[in-house]
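Written below as structure tokens is the structure these notes are about.
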Amino acid sequence: MLDPVTSWTRLKGSNVPSNPTLAEDSNVVSEVREVVGNKCAGKEEVDASCCCQTYNNGLSRYQFNENVGTSEVAQGTTGNGHGSSDRKCINAVESLHAQTFEQGEAARALERIRAMINSYPSKRPTGRVLSIIRMSPRRGTIIGFLTCKKWLPEGEGYGNLVNGQVSKKNKNLVSLSDEDYIQLTPTDPKFPKMLVAVGSLPDAVRERLKNGDGTVDKELVAAQIDEWNEESLCPQARVLHILGRGGEIEPQIGAILFENAICAANFSPESLACLPDVTWKIPVKEFETRHDLRNICTFTIDPSSAIDLDDALSVEKKSDGIFRVGVHIADVSYFVLPDTALDTEAQIRSTSVYILQHKLPMLPPKLSEEVGSLIPGADRLAFSIIWDIDCFGNIRDRWIGRSIIQSCCKLSYDVAQDIIDGSFDEDQFSLLGSLGPQLHGQFKWNDVFESLRSLHEISKKLRDIRFKGGALWLETAKLVFLFDECGTPYDSFLNERKESCSLVEEFMLLANRSVAEVISRAFPDCALLRRHPEPNLRKLKEFEAFCSKHGFELDTSSSGQLHLSLSKIREKLKNDPVLFDILISYASRPMQSAAYFCTGDLRGRENDWAHYALSFPLYTHFTSPLRRYPDIIVHRTLSAILDAEDNYLKKKQSLLGAYKGEASGSEIATRCFTGLYFDKDAAESEEGSQILSAAALKFKVPGTEVLAEVAAYCNERKLASRHAEEAGEKVYLWALLKKKKVLVSEARVLGLGPRFLSVYIPKLAIERRIYYDEVEGLTVEWFETTCTLVLDILRNKPFQRRGSPGKFHGIEDVALVLNPSELVVPEMAKKAAEVGYDTASLTFSSLADNGEIYPTVFPLVLRHLSAVPVALHAIGGDDGPLDIRVRLYACSYFW
């Protein structure tokens, strides 16, 4: 319930008026471009605004709240039983009108609240919680630190403590009994401090505490909330696991997995029993029913470290400038059968999770890295999509079916890029021997080189067509870490996207789009697709205002026009790539989350099926079945359609006495359901409908309700996976900065105000805030009319405290300040070395990676997009949550 305006708290200070787009302090640039496996593309976001329920099968279910604020309408009853049918119709109409009225009331109430907030911009709205509708799943994923001190309540017993009357009178290390309580401080500041009964602790921890071991408070623990009564300020928690020292990487990774409910356990014996044995070979029956494509030059392109290879490419040149391009995807659904233990565990995991130096697969390695992986030189089962594409990038024909392939080699993105660039010729490549990729089978390196170059040229045509059709490109360079032999990061760099990545991406996008068309037309009520809604209008207008303020024209009428505007801005800012990266970061903020959905849930709202960023009317995930469960569902759906198509064609042509079976050789057969042109009449005919329904039952294609639950659960798991991967990157960045102690870098000012400024550090592609309000020894002058900030160090004038003493910070929390006499520039160090002076004794030379960056000078005048040097260092670990602190890097004679 919203409080009256008189109860709202006054905002102490805000940066919003000077730059409203900076209200969100995002540390990671959001990616909205679709994923091609987990190779070189960014992760797409998933809708987080949903509520948790429980499936019948024990999985978490998430449903979108579309009618928040509406209430149920009681159905009327008939008095004497006469005219009950008419009365039901009347009740239904009345119910609909009532619901529509209440929805209108809710919308009007929301508008009134918005108007109130806009009328009082200097106040923060407050409200009261009326009731808890559902327990949050976050109650079971608490990470924090224990305090090795006994908590004593005021008075006797635990009753007063439950009522929030907690006292910290005894802070000394004393002997603890099982009846005592200690404090748990969560690393997430949104959680309150919690109480843990000593008797509920694991035996080893309890003994350490009773023996006075003070090192326990430096270890991360995983806990869950057991009880939190309405009268209690402090919830009661129970420790489940001791993860290890907070200042070490592995315990932090364990904490990330626990917080995101990601399974790190080994696969169950029941799941492993579903796998084929080591000596498994493709059965003879499969050679009889599948298309044999082993005589075509086929290869994979993946990161050099990848071992779960689920996609391969091929190309053949046909007559009249036609190229026959193939995308071949591992047929994982052949091994992962519905309603088996392996299928259940794959569904629960839902996705493979890739954290730096860690991989948590969705499927057992025996399947994902061996029999299911498209290993060079091995015969493998696949789903293949083959297109005839002309020299302009137009698709002339298409065939989809089951196949048997053999990859001749595995290329890394770097090697593929070298071939595209012409850095190697065939003879030089052969001389690499064991140092380069290995070639298998009948093909020569010349075949691979020619195929790769042809695919590159075709992919460029497809890309041009896609962007002319309205696609949007939002991507910045990715931070890459360099690791030593112990797995500890020692350096980092920003990696630009390679053309070889774009090559693979174009064909994977085309495959996903083609399959989406097929399954949504054959099964319009139970196809699993992926949609990306249009951007948030309010945030998009804020981005427009930001661009307009800095002299950039922006057309946001469509994804295509937005991309065109950003392309023009990129050209305008070719001499300032950092500013363009900032703009791309801002452009990603209005983008909403891509999500899986069941077409039956949005029947009649086909416009909502579209993917905004890709500008595709239909899209799904088909190309990564080794690491995404939705792809396995799509494979089963496609299997049903192929089976129905074969049965339908056999039946029709047998009636005509002209059925000759599937096309032979490499010719593309005419297909009614999976071809380039969908035969709607055949699919909707009585005979076609019966055949499709029978195939859906045979391959256990989920119905609308079940599929909607699967889609919602996969969305939740994909979101958790993305959060874990981002958190893992932060851990390794923290570890890198901890090793370097201090990292000096250039930054750009993104937002300014009376309390803090936001800066973007291009070297690390992160954004951080620097708070300077209530800092002893620092003067702050904020000129709102010109959006100018002036910071200076107090010299002779005594500092006047304006608030409570506990709120003030030292200037060292805001800036790393050097006296100019301590500053050693590279030229001075070079001259000192030439005369034999020990440069190691020079104070400033100990700062890590300072390079050519010099400190700024007080007084410091800052405006939007000003360049400013900053110093970064790692904080937390053993004594609190990990964080990266950014300070101004300055010098002053008065320091």
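- A salt bridge does not link Glu286 to Arg402: none of the charged side-chain nitrogens sits closer than 4.0 Å to a carboxylate oxygen.
- A side chain to side chain contact (heavy atoms under 4.5 Å, CB included) with Ser384 is found for exactly one of Ile404, Val327, Ile405, namely Ile405.
- Judged by the 6.0 Å and 45° rule, Arg349 forms a cation-pi pair with Phe267.
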I'd like to know whether Phe622 forms a side chain to side chain contact (heavy atoms under 4.5 Å, CB included) with Phe383, so could you lay out the CA-CA distance, the side-chain angles of the two residues, the decisive distance to 0.1 Å, and finally the verdict. CA-CA 10 Å; Phe622 161 77; Phe383 269 103; 3.8 Å; yes
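- Between Glu370 and Lys366 no salt bridge is recorded (no basic side-chain N to carboxylate O distance below 4.0 Å).
- In terms of modelled atom types and a separation under 3.5 Å, the side chain of Asn512 and the main chain of His621 share no donor-acceptor contact.
- Using a 4.5 Å heavy-atom threshold, the side chains of Ile329 and Ile385 count as separate.
- In this structure, the side chains of Arg290 and Asp331 come closer than 4.5 Å at one or more pairs of heavy atoms.
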Dump the intermediate steps for side chain to side chain contact (heavy atoms under 4.5 Å, CB included) on Leu618 and Trp609, then the final yes or no. CA-CA 6 Å; Leu618 300 167; Trp609 295 12; 3.5 Å; yes
With side chain to side chain contact (heavy atoms under 4.5 Å, CB included) as the test, would you mind laying out the steps for Glu259 and Arg138 before giving the verdict? CA-CA 8 Å; Glu259 278 187 304; Arg138 290 296 311 277; 4.2 Å; yes
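- Looking only at distances, a side-chain donor or acceptor of Ser639 sits under 3.5 Å from a matching main-chain atom of His635.
- No donor-acceptor pair under 3.5 Å is formed between the side chain of Ser333 and the backbone N or O of Ile632.
- Under the 4.0 Å criterion applied to side-chain N and carboxylate O atoms, Asp679 and Arg521 are not assigned as salt-bridge partners.
- Put simply, the side chain of Leu462 does not reach to within 4.5 Å of the side chain of Leu509, judged on heavy atoms.
- Cation-pi geometry between Arg513 and Tyr619 is not satisfied (NZ or CZ under 6.0 Å from the ring centre, within 45° of the ring normal).
- Across every non-hydrogen atom of Ser350 and Pro630, the tightest pair is O-CD, 4.1 Å.
- Evaluation of the side chain to side chain contact (heavy atoms under 4.5 Å, CB included) rule for Arg463 yields Arg466, Phe467, Trp473, Ser502, Glu505, Glu506 as partners, not counting sequence neighbours.
- Counting heavy atoms from C-beta outward, Arg398 and Thr674 have side chains that stay 4.5 Å or more apart.
- No donor-acceptor pair under 3.5 Å is formed between the side chain of Arg294 and the backbone N or O of Asp379.
- Ion pair Arg636/Asp343 flagged as a salt bridge, since at least one NZ, NE, NH1 or NH2 atom sits closer than 4.0 Å to an Asp/Glu carboxylate oxygen.
- The main-chain N or O of Ile262 is never found under 3.5 Å from a side-chain atom of Asn260 such that the two would form a donor-acceptor pair.
- For the pair Asp310 and Val332, the minimum side-chain heavy-atom distance is 4.5 Å or more.
- Taking Glu369 as the reference, Lys359 meet the side-chain hydrogen bond (donor to acceptor under 3.5 Å, both in side chains) condition, with sequence neighbours excluded.
- When all heavy atoms of Thr599 and Phe523 are compared, the pair lying nearest together is OG1-O, 3.9 Å.
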Side chain to side chain contact (heavy atoms under 4.5 Å, CB included), that's the test. Do Arg603 and Thr704 meet it? Break it down for me. CA-CA 11 Å; Arg603 196 73 191 271; Thr704 301; over 6 Å; no
